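Please read these numbers as outputs of a predicted model, since none were measured by experiment.
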Amino acid sequence: MEPTIGVLIKSLRVGKKKTLKQIAEKTQLSISFLSQVERGKSSITLESLKKISEALGVSPGYFFSGESGGGNEQVRRASTEQSQLQRTPFVYEDLSGRLANPSLVPILVTLSPHGEKGTPFVHKGQEFIYVLEGVLTLLLGEEEHDLFPGDSIHMDSSVPHNWVNRTGEVTRFLCVNSHDSDMIPTAPY
């Protein structure tokens with residue numbers, strides 16, 4: 001059985017001799033929230049996981065697909081394994097290899113029917129989305145865009161954005177972020 005994301009976070013944090021308080025200060029997440037995630041008592045969003053990854057000096061891919069070492073593997077073979085974030089309407093699969101310090105982070109996102117990403121957020125850099133299956137509603141600032149299979153958008157990530165699946169079918173899309181993504185929520189957690 002693979003360790004949960006919370007177990008991996010705690011193991012990495014303890015191995016790097018970091019306290020919950022230090023991680024909380026770097027991520028602007030509360031100590032109690034971080035503790036609950038580590039104990040599997042709370043779910044975690046991708047934006048929070050990215051903040052924690054940065055504070056611990058690893059890519060978000062560290063917590064997916066058993067990536068825990070270095071290396072420079074460039075080819076990633078298709079797999080049927082996907083990492084499910086606990087009790088959330090999303091499945092994220094990190095498509096990056098083990099390239100050290102990647103400048104792009106590609107993620108395959110599966111959004112459940114009537115699923116919503118959560119709080120709109122902004123971050124440094126750019127984001128590219130390519131819809132593979134279903135209909136993705138992208139909330140971008142004050143605008144709303146329905147993206148269908150084959151549709152894509154390349155956007156400045158400093159504009160508040162959010163993903164929504166308003167249909168009864170699964171939506172799958174490729175999301176590529178530049179690695180310099182300091183996520184800044186636009187509303188409280």
Side-chain ion pair, Glu144 and Arg166, N-O less than 4.0 Å: yes

Spacing of CG belonging to Leu136 relative to CD1 belonging to Ile129, to within rounding of 0.5 Å: 6.0 Å

Close side-chain approach of Phe128 to Cys175, heavy-atom, < 4.5 Å: no

Side-chain heavy-atom pair Met155, Gln126 within 4.5 angstrom cut-off: no

Side chain to side chain contact (heavy atoms under 4.5 Å, CB included) evaluation trace for Val170 with Leu111: CA-CA 6 Å; Val170 167; Leu111 182 54; over 6 Å; no

4.5 Å side-chain heavy-atom contact, Val109 and Trp163: yes

Co-members of Val135 in a cluster of I, L, V, M, F, W and Y side chains, linked at under 4.5 Å: Phe148

Side-chain (Arg172) to main-chain (Thr110) donor-acceptor, under 3.5 angstrom: no

Beyond-backbone contact of Leu132 with Thr171, side-chain heavy atoms, under 4.5 angstrom: no

Non-hydrogen atoms of Thr27 and Ala55 that approach each other most closely: CG2-CB, 3.8 Å

Inter-residue atom distance Leu20.CG - Glu25.CD, 0.5 Å rounding: 11.0 Å

Asn165 to Pro113 - nearest heavy-atom pair and separation: ND2-CA, 3.6 Å

Heavy-atom side-chain proximity of Ile31 to Phe33 below 4.5 angstrom: no

Distance in Å, Ile9 CD1 paired with Leu49 CG, rounded so as to fall on 0.5 Å steps: 5.5 Å

Value rounded to 0.5 Å, distance of CG in Leu140 from CG in Asn162: 10.5 Å

Shared hydrophobic cluster, Val159 / Leu147 (ILVMFWY, side-chain heavy atoms < 4.5 Å): yes

Side chains of Val131 and Ser152 in contact at under 4.5 Å (non-hydrogen atoms): no

Side chain to side chain contact (heavy atoms under 4.5 Å, CB included) between Glu38 and Arg13, intermediate numbers included: CA-CA 10 Å; Glu38 287 187 353; Arg13 178 182 61 76; 2.7 Å; yes

From CG (Leu12) to CG (Leu56), nearest 0.5 Å: 4.5 Å

Non-hydrogen side-chain atoms of Leu34 and Ile52 separated by less than 4.5 Å: yes

Value rounded to 0.5 Å, distance of CD in Gln36 from OG in Ser30: 7.5 Å

N/O donor-acceptor pair under 3.5 Å between Ser157 side chain and Glu127 backbone: yes

Under-4.0 Å salt bridge between Lys26 and Glu54: no

Contact check, side chains of Leu138 and Ile153, non-hydrogen atoms, under 4.5 Å: yes

